[in-house]
Peer 1: 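Once you've had a glance at the structure underneath, I'll fire off some questions.
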Amino acid sequence: MAPTYKLTYFPVKALGEPIRFLLSYGKLEFEDFRFERENWPDLKPSMPFGQTPVLEINGVKAHQSIAISRYLAKQVKLTGANDLEDLEIDAIVDTINDLRNKIAIYSYEADEAIKETRKKPLFEETLPFYLPRLEAIAKSNNGHLAAGKLTWADIYFVALLDYLSFMVGKKLIADCPTLLKLEEKVLNLPGIKEWVAKRPVTDA
């Protein structure tokens with residue numbers, strides 16, 4: 001009997017979307033439970049460590065979005081062929097998450113004066129540091145981010161792009177032709193294409 005999956009997350013793409021992409025890629029049926037933000041205080045105590053996304057697998061609650069994504073990647077055969085390839089994949093996913101955290105420090109700052117002081121370093125130092133390197137990696141890996149083939153690193157990155165672009169206020173990879181081609185390739189994978197066509201419309 002196939003496992004049952006239930007994803008619990010806010011009504012946005014953000015950190016839930018890599019999980020949804022991987023489930024959709026593997027054509028694994030799942031319940032996409034999106035709770036309203038005002039209901040979060042009531043729901044939070046039932047979540048491991050009080051955070052989401054949480055994926056229930058046959059009723060067992062798993063937390064940490066990257067760990068969940070890595071688990072699903074094994075289920076849908078998007079991991080490396082050996083430990084070295086898995087290391088390469090893990091390293092690029094952690095790098096993408098580092099970039100997300102640096103963008104979030106700017107984006108989520110509520111004090112506009114403080115936020116303004118973080119804008120120049122992000123746009124003139126951080127993004128120019130990360131994006132050309134990610135572009136070069138994809139260019140040298142047959143258009144992919146690791147192992148020279150489609151892996152969950154590609155899915156993870158493309159699934160986060162709407163969220164990352166929303167936080168910076170522009171198309172994050174607009175000047176990265178190889179990454180743009182990768183985005184197109186991932187979004188046209190059958191299961192993912194079907195998911196994108198039917199998912200709820202959200203900015204991030």
Side-chain angles (χ1 to χ4, degrees), residues 1-79 86 89-111 114-115 118 151-168 172 186-187 191-192 194-204:
M1 184 175 175
T4 60
Y5 297 100
K6 176 183 178 181
L7 177 66
T8 298
Y9 195 50
F10 292 95
V12 291
K13 302 184 192 89
L15 296 180
E17 205 64 4
I19 298 167
R20 298 182 186 116
F21 267 38
L22 286 162
L23 287 162
S24 300
Y25 171 84
K27 298 188 183 296
L28 304 174
E29 291 187 16
F30 66 100
E31 179 184 349
D32 184 34
F33 178 66
R34 301 177 183 227
F35 57 86
E36 295 304 320
R37 292 183 184 276
E38 58 265 28
N39 296 330
W40 174 232
D42 293 329
L43 188 63
K44 185 175 181 178
S46 66
M47 296 293 106
F49 292 91
Q51 295 179 321
T52 56
V54 165
L55 183 68
E56 290 183 47
I57 307 160
N58 290 338
V60 176
K61 293 179 179 177
H63 66 292
Q64 289 292 350
S65 60
I66 292 178
I68 293 168
S69 295
R70 186 181 294 110
Y71 166 82
L72 289 174
K74 293 175 183 176
Q75 309 310 303
V76 302
K77 306 294 188 280
L78 282 177
T79 55
D86 280 331
I89 293 166
D90 285 346
I92 203 70
V93 168
D94 285 345
T95 298
I96 292 163
N97 202 46
D98 284 348
L99 175 59
R100 179 188 65 81
N101 284 328
K102 291 175 188 296
I103 292 173
I105 288 170
Y106 158 77
S107 179
Y108 288 129
E109 178 53 59
D111 187 310
I114 295 174
K115 186 173 183 177
R118 294 176 179 171
T151 70
W152 70 278
D154 298 322
I155 307 292
Y156 184 84
F157 179 64
V158 173
L160 280 182
L161 277 176
D162 282 349
Y163 177 44
L164 299 177
S165 295
F166 175 80
M167 286 196 290
V168 300
L172 183 71
V186 169
L187 291 177
I192 290 174
E194 291 166 15
W195 166 251
V196 170
K198 71 180 182 181
R199 70 185 176 186
V201 176
T202 59
D203 290 330

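Only a predicted model underlies this, so the values are computations on that prediction, with no experimental measurement involved.
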Peer 1: Which heavy-atom pair separates Pro48 from Lys61 by the least distance, and what is that distance?
Peer 2: CG-CB, 4.0 Å

Peer 1: Taking the side chain as every heavy atom from C-beta outward, state whether Val76 and Leu23 have any pair of such atoms under 4.5 Å apart.
Peer 2: no

Peer 1: Is there a donor-acceptor contact under 3.5 Å from the side chain of Thr52 to the main chain of Val54?
Peer 2: no

Peer 1: Charged N to carboxylate O below 4.0 Å: is that the case for Arg70 and Asp90?
Peer 2: yes

Peer 1: With sequence neighbours left out, what residues match Tyr5 under ring pair (Phe, Tyr, Trp, His ring centres under 6.0 Å)?
Peer 2: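 Tyr5 satisfies ring pair (Phe, Tyr, Trp, His ring centres under 6.0 Å) with no other residue.
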
Peer 1: With the side chain counted from C-beta on, respond yes when Val196 and Phe21 share a heavy-atom pair under 4.5 Å apart, and no when they do not.
Peer 2: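 With C-beta onward as the side chain, the pair touches.
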
Peer 1: Going from CD1 on Ile68 to CD1 on Ile66, what distance comes out if it is rounded to the nearest 0.5 angstrom?
Peer 2: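 Here the rounded value is 10.5 Å.
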
Peer 1: How about Met167 and Tyr108: do any of their side-chain heavy atoms sit closer than 4.5 Å?
Peer 2: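 Yes - at least one pair of side-chain heavy atoms lies under 4.5 Å apart.
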
Peer 1: Does Glu31 reach the main-chain N or O of Phe33 with its side chain, forming a donor-acceptor pair under 3.5 Å?
Peer 2: no

Peer 1: Show the nearest heavy-atom pair for residues Pro53 and Leu7, with the distance to one decimal.
Peer 2: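 Closest heavy-atom pair between Pro53 and Leu7: CB-CD1, 3.9 Å.
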
Peer 1: Flag the pair Arg100 / Ile103 as yes when at least one side-chain heavy-atom distance between them is below 4.5 Å, and no otherwise.
Peer 2: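 No; the side chains remain at least 4.5 Å from each other.
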
Peer 1: Take Tyr163 and Glu17 through the test side chain to side chain contact (heavy atoms under 4.5 Å, CB included) and record every step on the way to the result.
Peer 2: CA-CA 9 Å; Tyr163 177 44; Glu17 205 64 4; over 6 Å; no

Peer 1: Restricting to non-hydrogen atoms, name the atom on Gly16 and the atom on Tyr9 that form the minimum distance, rounded to 0.1 Å.
Peer 2: N-CE2, 3.3 Å

Peer 1: Could you pull out the closest heavy-atom pair between Ser69 and Leu22, with the gap in Å?
Peer 2: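 Closest approach of Ser69 to Leu22, heavy atoms only: O-CD1, 3.5 Å.
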
Peer 1: Mark yes or no for whether Asp162, through its side chain, and Ala204, through its backbone, hold a donor-acceptor pair below 3.5 Å.
Peer 2: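 No, because the side chain of Asp162 does not come within donor-acceptor range (under 3.5 Å) of the backbone of Ala204.
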
Peer 1: Do Arg118 and Ile105 come within less than 4.5 Å of each other through their side chains, counting heavy atoms only?
Peer 2: yes

Peer 1: Can you tell me how far apart OG1 (Thr79) and CH2 (Trp152) are? Round to the nearest 0.5 Å.
Peer 2: 10.0 Å

Peer 1: Can a donor-acceptor pair be found, under 3.5 Å and without considering hydrogens, that links the side chain of Lys13 to the backbone of Val201?
Peer 2: no

Peer 1: Do the non-hydrogen side-chain atoms of Leu160 and Leu15 ever get within less than 4.5 Å of each other?
Peer 2: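 When only atoms from C-beta onward are counted, Leu15 and Leu160 do touch, with a gap below 4.5 Å.
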
Peer 1: Which pair of non-hydrogen atoms, one from Ile89 and one from Leu78, has the smallest distance, and what is that distance?
Peer 2: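 Looking at all heavy atoms of both residues, the closest pair is CD1-O, 4.5 Å.
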
Peer 1: As a quick check of understanding, evaluate ring pair (Phe, Tyr, Trp, His ring centres under 6.0 Å) for Phe30 and Trp195, giving each step before the final call.
Peer 2: CA-CA 11 Å; Phe30 66 100; Trp195 166 251; 5.5 Å; yes

Peer 1: So Tyr25 and Val186, side chain to side chain contact (heavy atoms under 4.5 Å, CB included) or not? Walk me through it.
Peer 2: CA-CA 9 Å; Tyr25 171 84; Val186 169; over 6 Å; no

Peer 1: Indicate yes or no: at least one non-hydrogen side-chain atom of Ser24 is less than 4.5 angstrom from one of Arg199.
Peer 2: no

Peer 1: State the CD1-CG distance between Ile155 and Leu72, to the nearest 0.5 angstrom.
Peer 2: 11.5 Å

Peer 1: What's the spacing between Asp94 CG and Asn101 CG if we round to 0.5 Å?
Peer 2: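 Reported value, rounded in 0.5 Å steps: 10.5 Å.
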
Peer 1: Under the side chain to side chain donor-acceptor pair (under 3.5 Å) definition, can you give me all pairs with a residue in residues 32-44, not counting sequence neighbours?
Peer 2: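 Sorted pair list: Arg20-Asp32, Asp32-Arg34.
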
Peer 1: Measure the shortest side-chain to side-chain distance between Thr151 and Asp86 over non-hydrogen atoms and say whether it is less than 4.5 angstrom.
Peer 2: no

Peer 1: For residues 55-76, pull every pair meeting ring pair (Phe, Tyr, Trp, His ring centres under 6.0 Å), keeping only residues two or more places apart or in separate chains.
Peer 2: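 Pairs touching residues 55-76 that pass the test: Phe49-His63.
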
Peer 1: Do you know which two heavy atoms are closest between Ser165 and Leu172, and how far apart they sit?
Peer 2: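 Closest approach of Ser165 to Leu172: OG-N, 3.0 Å.
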
Peer 1: To the nearest 0.5 Å, how far apart are CZ in Phe10 and OG1 in Thr202?
Peer 2: 13.5 Å

Peer 1: Within a 6.0 Å radius of atom NZ on Lys102, are there more than 12 heavy atoms belonging to other residues, nucleotides or ligands?
Peer 2: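 Not more than 12 within 6.0 Å, no.
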
Peer 1: Got a donor-acceptor contact below 3.5 angstrom from the Thr95 side chain to the Ala91 backbone?
Peer 2: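 Side chain of Thr95 to backbone of Ala91, a donor-acceptor pair under 3.5 Å: yes, one is there.
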
